[in-house]
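Just so it is clear, the model here is predicted, and its values are computed rather than measured. One-based numbering, in listed order, for ligands and for the atoms of each.
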Amino acid sequence: MIWNKEYECMDRDNLRDLQLTRLKEVVRRVYERLPFYGKKFSENHLHPDALKSLEDLKKFPLTRKSELREGYPFGLFTAPLEKIVEFHISSGTTGKPVVNGYTRKDIQVWSEVMARALACAGTTSKDVVHNAYGYGLFTGGLGIHYGAQLIGAKTIPISGGQTRRQIMIMQDFKSTVLTCTPSYALHIAEVAEEIGVDPRKLSLRVGILGAEPWSENMRKEIEVQLGIDALDIYGLTEIIGPGVAQECEAKEGMHIFEDHFLPEVIDPKTGKVLEEGEEGELVLTTLTREGTSLVRYRTGDITRINYQPCDCGRTIARINKIKGRVDDMLIIRGVNIFPSQIENVLLQIEEAEPHYQLILERKRGLDELTVELEVSPNTFFDEVKRVEKIEAKIEKEIEDALGLRVGVRLVESRTIERSMGKAKRIIDKRKSK
Ligand code: DLL
């Protein structure tokens, strides 16, 4: 289902005209209202008038998260404070959090892009949307909520946690659309089995899962365990929250709502803009935000862009599944690797369960990676030889697939902490030494 054909299936030349008109306004707005942009533009001898085509955007400086932190709490708004009606604040582990302020019109835009995202996954007013993303300062809960309300779907604002109760409600209310992180979706399946409910027999049809990287094999695992189609949704607090991009039923990349968010992919080292199809860091410019407008914001997320029209009829660009964050790339003895690539290999292995953590340690001056992985409950840990054999087999599979030697340690079922939101995949013990 296409929520807004006019914009999602727009002729690309017309779309580019619209983007340029909006872009000119945004560049002027940040230049006039945010001193740090004014300073950055001047340092690069740029004025908003220098932007005459979409290509000219390349000349403008990139924006980093650290610059946004400096504006805490109200310094980044591009609309007067009295027009702001909602705040979302990203947690961030280092430094001050980043604040996003929304005007009433921003909330309308957010509802619109989220309605498009939900419709992209086939959601209609007949659906019961079981929204297990966290409500609060995190954008997941309210973002889905606004979109589901606009569609007129029946929304269950359950938020994360109390998993048994969630399952009871899913049974009683016949929830059809599950919205939560992929790791929480798996946990729901696991708890359902534990309490004797077959998760495949629930009324769920589709999952709209995101907020963390997840591999293709994780998708298959979730689809089999819950008996649903598992679709990817992408977004970030700084730009709007969820609803920047959404996968359709073709499962070949996430459609980015380009009339609101202008994407570029850059080489994270040099900042150079890459060609269609080349892998790099996603950079986004908001085209319609009033409260917090951003020009060329470095998301830190690694992906590729594809401008080819999709079988679903949408003409807007697609971004590939996010491989990981630039900061989460591990460099182990010269091999660059993202956790999602290891996940993809692990989940092909019969004995492996989809619950793992990557432990990074420094031993004798060298970085070492150990994969801690749960195995199916019927693996007997008293058979040391057998456990060692499985560990060696998995180590070999990872080495063959990724050219990386890691240690594998099997752990018993339910040893690795379950997450209601974003899973913690990397435990970095190097910094504490
Ligand atoms: O995670 C917004 C969101 C909520 C997206 C619900 C999807 C669903 P933040 O907490 O600000 O916002 O985190 C944003 O999460 O830069 C990515 O690194 C990561 N991320 C978000 N969606 C995906 C995804 C929300 N589909 C950061 N795949 C982003 C991989 C994702 N990573």
Non-hydrogen atom of Gly300 closer than 4.0 Å to ligand 1: no
Establish, from distance only, whether the side-chain atoms of Asn344 and Glu216 form a donor-acceptor pair under 3.5 Å. no
Indicate whether any N or O donor in one side chain lies under 3.5 Å from an N or O acceptor in the other, for His88 and Glu86. yes
If we only count N/O pairs under 3.5 Å, is Asp232 in contact with ligand 1? yes
Please state which protein non-hydrogen atom is closest to atom 11 (O) of ligand 1 and give its distance, to 0.1 Å? Thr237 OG1, 2.5 Å
Classify the contact between Glu212 and ligand 1 as side chain, backbone, both or neither, using a heavy-atom distance cut-off of under 4.0 Å. backbone
Can the ring centres of Tyr31 and Phe41 be said to be less than 6.0 Å apart? yes
Can you tell me which residue and heavy atom of the protein come closest to atom 7 (C) of ligand 1, and the distance to 0.1 Å? Ala211 N, 3.3 Å
re atom 29 (C) of ligand 1, the protein heavy-atom contact at minimum distance is Asp301 OD2, 3.3 Å
Got the closest protein heavy atom to atom 13 (O) of ligand 1, with its distance? Lys422 NZ, 3.0 Å
Plane angle bin for Phe87 and Phe77 - parallel if under 30°, tilted between 30 and 60°, otherwise perpendicular: parallel
Give me the nearest non-hydrogen protein atom to atom 6 (C) of ligand 1 as residue plus atom name, then the distance to 0.1 Å. Tyr133 CE2, 3.5 Å
Would you mind reporting whether Lys272 and Ile266 have side-chain heavy atoms less than 4.5 Å apart? no
From atom 21 (C) of ligand 1, work out which of Pro242, Ala245, Cys180, Gly235 has a heavy atom at the shortest distance. Gly235
Using a 4.0 Å cut-off to any heavy atom of Thr139, which atoms of ligand 1 qualify? 2 (C), 12 (O)
Determine whether the side chain, the backbone, both or neither of Leu236 has a heavy atom under 4.0 Å from any heavy atom of ligand 1. both
Are Arg289 and Tyr102 in a cation-pi setup, meaning NZ or CZ lies under 6.0 angstrom from the ring centre and within 45 degrees of the ring axis? yes
Go through Thr78 and Ser293 one step at a time and tell me if the side-chain hydrogen bond (donor to acceptor under 3.5 Å, both in side chains) criterion holds. CA-CA 6 Å; Thr78 38; Ser293 309; 3.0 Å; yes
Counting heavy atoms under 4.0 Å, the part of Ile322 that contacts ligand 1 is side chain
Need the ligand 1 atom indices (1-based, order shown) with element for anything under 4.0 Å from a heavy-atom of Gly210. 7 (C), 8 (C), 26 (N)
Does Met254 reach ligand 1 with a nitrogen or oxygen that is under 3.5 Å from one of the ligand's nitrogen or oxygen atoms? no
Which residue is it: Glu247, Glu8, Glu6, Glu258? I am looking for the one with a salt bridge (charged side-chain N to carboxylate O under 4.0 Å, His left out) to Arg314. Glu8
Criterion side-chain hydrogen bond (donor to acceptor under 3.5 Å, both in side chains) on Thr288 and His260, from CA distance to verdict: CA-CA 6 Å; Thr288 49; His260 294 288; 2.7 Å; yes
